[in-house]
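Protein chains get the first letters and strands the later ones, always in sequence-line order, with residue 1 at the start of each.
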Amino acid sequence: MTVFIIRRLVMLVPTLAGVTLAVFLMLHLTPGDPITLMLGEFASATEVARLRNELGLDRPLLVQYLKYMERTFHGDLGTSIRSQRAVLDEIADRLPWTLQLAFAAMTLAIFVGIPMGVIAATTRNPAIDSVVTVFSLLGLSMPTFWSGLLLILLFSLTLGWFPITESHGLRALVLPAVTLAAPAAAVLARMTRSSVLEVLRQEYIRTARAKGLLERVVVYKHALRNAMIPILTVAGLQFGGLLAGAVIVESVFARPGLGRLTVNAVLSRDFPLAQGVVLVIAAMYVFVNLAVDVLYGLLDPRIRYH
Amino acid sequence: MAIALPVRRQNRVLQRLKQRPVVLAAFAVLGLFVILAVAGPLFSPYDPYTLIPGAVMQPPSWEFPFGTDELGRDVFSRVIHGSRISIRIALVTVSIPLVLGGTVGLVAGFYGGLLDVVLMAVMEVMLAFPQILLAIAILAMLGPSLVNAMIAVGLSAVPVYARTARGTTLSVKSMGYVEAAKALGAGDIRILLKHILPNIFPPLIVLATAGVGISLLIAAGLSYLGLGAQPPTPEWGAMLSEARAYLRNAWWMATFPGLAITLVVLSLNVCGDWLRDFLDPRLRV
């Protein structure tokens, strides 16, 4: 198992190198002169020269990249053009909000989506199966920036159950988490349903039933464990999606997370800030996927030897 | 994308569709939106940009079926006009990855070697980003606008298409008829276009039908964030963004544009699922 984890960690290196290279190149692949875009057309020549020097744009590309890597590894993501604060500090201020939201949504999605899928796959009642199908289709099709507004309309403005202007505390987390969780729960329910149905067709399930095991044991011990691999993959991918999706949900509920920061960075062409946010979210996404890979190895010993 | 089917096969398609009323309804909804998009001005009672004097934030009525917004514009006319923009978004965001991703996968899979390694490494790096984030990163480079949002969403879908196209190309490449064509002296271009391309198309179409709903959602989301369509453009996501400020007093502003997106994406997903089952029964869930 240790060897397996080490191998996965080594495989992470090229991915992270690629991600940092891509984020580094964001500034260079931009059409037009990024300095002009950032400072506006009427910036003085000294200002332009100062920023160009500060960002190191006057040096050869390779030198710039190595410098960028070195800085990044030391946790220096540069300085925001607008606020003149360190990008890392800006992100550190906002990240807990986004993580809190993403974790809450992921938990909800897992505890709602997976049981729904299992129930839909094992029920003999077609009505229940249809309800799950409709729910998952709706969850996949409703944009979060609409479902969020509808939830505010119903639960905050009409019923007054949840605050709308307050972002602190658990009560303020409920509606955003539900909004963000809905599409993820829908995907998980769908995936679980088809994965469990697939496993239930296998020979060893027939054997388990034939030797007289309780249906509950067959489903939860034999089928679900084997069905978990594709479900986990999807859950891992969903978590990355939730981090990015939080950008939209935060904007709906006016939560002070990474979302607003990202949008402002893009709108004001604040490249160091935009690069920093993109890098941080992408890195988290990569690590979550690594964690999923390691979990596979725990669930399915066969995978460790491939 | 019109695929000419023999008559007998066409009958089979219709027969299968008749057994699935939900899928038929979804196709009908999509058809309706296409008609609205093409002939929108005929149906919309007002100009989507015109401010109607004395009609600020009117609730839905016979005169204004979806009410009016904070500036006195008819929401119904704006939603209808929005379907036009959404069709443009759908076409652009699907064509870009279809053409670009298809080409990358085809070339990488066919020629192999260093070219394959380099191209697919770039694709893998793009896949290391969640799709919305990748689209936002591309928008950060291009700058916010509706057209750039469409390009960004299209580009962000490229790696998935490239991977699929490459996989199919690899398996088709070793087929007997490709070997035969090679033995008969057919050139690379001929083999690529005549023998491989037609075979990698079905899985790409399945991807496209499954992905178009997601692309629409992401593009509208970018507009909601203010990174895509800008006011006063009657894009559905941008309309919802404007509506947020008036939620307390004008629920209709936030209701109908969202309903339109949801209906379209829902229908696309239902049709996409059906098409996937139909084109590739092995994938049936």
S.K.: For B/L127, which atoms come within 4.5 Å of any heavy atom of chain A: side chain, backbone, both, or neither?
M.R.: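 Backbone of B/L127 only, per the 4.5 Å heavy-atom cut-off to chain A.
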S.K.: Looking at B/V122, B/L259, B/L216, B/I136, which makes the most heavy-atom pairs under 4.5 Å with chain A?
M.R.: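 Heavy-atom pair counts peak at B/L259.
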S.K.: Out of A/T158, A/L154, A/L153, which residue meets the side chain to side chain contact (heavy atoms under 4.5 Å, CB included) rule with B/W251?
M.R.: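 The passing option is A/L153.
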S.K.: Please check if atom CZ in A/R269 has more than 12 non-hydrogen atoms from other residues, nucleotides or ligands closer than 6.0 Å.
M.R.: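 Yes, the 6.0 Å shell around CZ holds more than 12 heavy atoms from other groups.
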S.K.: Tell me which of these, A/T15, A/L267, A/L21, A/V286, has more heavy-atom pairs under 4.5 Å with chain B than the rest.
M.R.: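 Among the listed options, the one with the most contacts to chain B is A/L267.
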S.K.: Heavy-atom pairs under 4.5 Å with chain B: which of A/M26, A/M142, A/Q275, A/R260 has the most?
M.R.: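 Winner by heavy-atom pair count: A/M26.
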S.K.: Looking only at heavy atoms, what is the nearest atom pair of A/V19 and B/A128, with distance?
M.R.: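 Smallest heavy-atom distance, with atoms named: CG2-CB, 3.6 Å.
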S.K.: In terms of heavy-atom pairs under 4.5 Å, which option from A/I152, A/V263, A/N289, A/V252 contacts chain B the most?
M.R.: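 Heavy-atom pair counts peak at A/V252.
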S.K.: How far does OG1 of B/T255 sit from CG of A/L150, to the nearest 0.5 angstrom?
M.R.: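 B/T255 atom OG1 to A/L150 atom CG measures 6.0 Å (nearest 0.5 Å).
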S.K.: Flag the one option from A/A244, A/G245, A/A283, A/S147 with the top tally of heavy-atom pairs under 4.5 Å to chain B.
M.R.: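 Most heavy-atom pairs under 4.5 Å with chain B: A/A244.
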S.K.: Heavy-atom distance under 4.5 Å to chain B: side chain of A/F239, backbone, both or neither?
M.R.: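 Contact with chain B involves no heavy atom of A/F239 at all.
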S.K.: With a 4.5 angstrom heavy-atom cut-off, which part of A/T262 approaches chain B: side chain, backbone, both or neither?
M.R.: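 Only the side chain of A/T262 comes within 4.5 Å of chain B.
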S.K.: Between A/P143 and B/T262, is any pair of side-chain heavy atoms under 4.5 Å apart?
M.R.: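 Of all side-chain heavy-atom pairs linking B/T262 with A/P143, at least one is under 4.5 Å.
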S.K.: Tabulate, in ascending numerical order, the residues of residues 137-152 of chain B having at least one heavy atom closer than 4.5 Å to a heavy atom of chain A, or enter 'none'.
M.R.: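 If one takes a 4.5 Å heavy-atom cut-off, the residues of residues 137-152 of chain B near chain A are B/A137, B/L139, B/A140, B/M141, B/L142, B/G143, B/P144.
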S.K.: Minimum heavy-atom separation for B/L133 to A/A282, with atom names?
M.R.: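 Where B/L133 meets A/A282 most closely, the heavy atoms are CD2-N, 3.8 Å.
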S.K.: Counting heavy-atom pairs closer than 4.5 Å to chain A, which one of B/L134, B/I218, B/L266, B/V22 comes out on top?
M.R.: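 Ranked by contacts with chain A, first place is B/L266.
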S.K.: With only heavy atoms counted, which part of A/A254 is less than 4.5 Å from chain B, the side chain, the backbone, both or neither?
M.R.: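 Both parts, heavy atoms under 4.5 Å.
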S.K.: Give, as side chain, backbone, both or neither, the part of A/L149 having an atom under 4.5 angstrom from any heavy atom of chain B.
M.R.: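 For A/L149, the contact with chain B is made by backbone and side chain together.
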S.K.: Roughly how far apart are A/S141 OG and B/I261 CD1, rounded to 0.5 Å?
M.R.: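 Going from the OG atom of A/S141 to the CD1 atom of B/I261 covers 11.5 Å.
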S.K.: To the nearest 0.5 Å, tell me how far A/T144 OG1 sits from B/I132 CD1.
M.R.: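 The OG1 atom of A/T144 sits 7.0 Å away from the CD1 atom of B/I132.
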S.K.: Flag the one option from A/L137, A/L29, A/V23 with the top tally of heavy-atom pairs under 4.5 Å to chain B.
M.R.: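 Highest number of pairs under 4.5 Å: A/L137.
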S.K.: I need the residue from A/F271, A/F145, A/W146, A/Y285 with the largest number of non-hydrogen atom pairs under 4.5 Å to chain B.
M.R.: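 Among A/F271, A/F145, A/W146, A/Y285, the one with the most close pairs to chain B is A/W146.
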S.K.: Given a strict heavy-atom distance threshold of 4.5 Å, which part of B/Y224 is in contact with chain A: side chain, backbone, both, or neither?
M.R.: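 Just its side chain gets close to chain A.
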